[in-house]
Amino acid sequence: AETFVIVNGIFEIFMASLLAFGMYTRPVAGLLFLHMFAIIADVGLSPIGIRDIGLMFALLSVTLFGQDEYSLKRDVAVVK
């Protein structure tokens, strides 16, 4: 169980870093959306679960809309 928590933390840090740098924005946000869905299914509707629902829908928004002008690495077509 301890190894799983450490591997999960490394996964989340790596994926969050990719999001912060704007690399593979949509696929990473989609994976993290599914990851948050699994966490919510495990935690339930506790205060932590409700917070995670908000994060999950934020990730869904990024999955659907992708990069914007604030992404560190963005396509030229995104800049307005």
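As the structure is a computational prediction, the values presented were derived from the model and not from experiment. Note: hydrogens, waters and symmetry copies are ignored here, and every other heavy atom, side chains too, is used.
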Under 4.5 Å between side-chain heavy atoms, hopping through other hydrophobics if needed: is there a path connecting Leu45 to Met36?
yes
With heavy-atom distances below 4.5 Å as the criterion, would you say the side chains of [X] and [Y] are in contact?
| X | Y | value |
| --- | --- | --- |
| Leu59 | Leu19 | yes |
| Ile48 | Ile39 | no |
| Leu55 | Asp52 | yes |

In Asn8, Thr3, Ile10, the residue satisfying side chain to side chain contact (heavy atoms under 4.5 Å, CB included) with Ile6 is Ile10
Point to revise | Backbone of Val62 reached by a side-chain donor or acceptor of Arg26 within 3.5 Å | key: no
**Request:** Test side-chain contact (heavy atoms from CB on, under 4.5 Å) on Leu32 and Phe11 and set out the steps.
**Result:** CA-CA 10 Å; Leu32 287 173; Phe11 168 77; 4.2 Å; yes
In this structure, NE2 of His35 is separated from CD1 of Ile40 (nearest 0.5 Å) by 10.5 Å
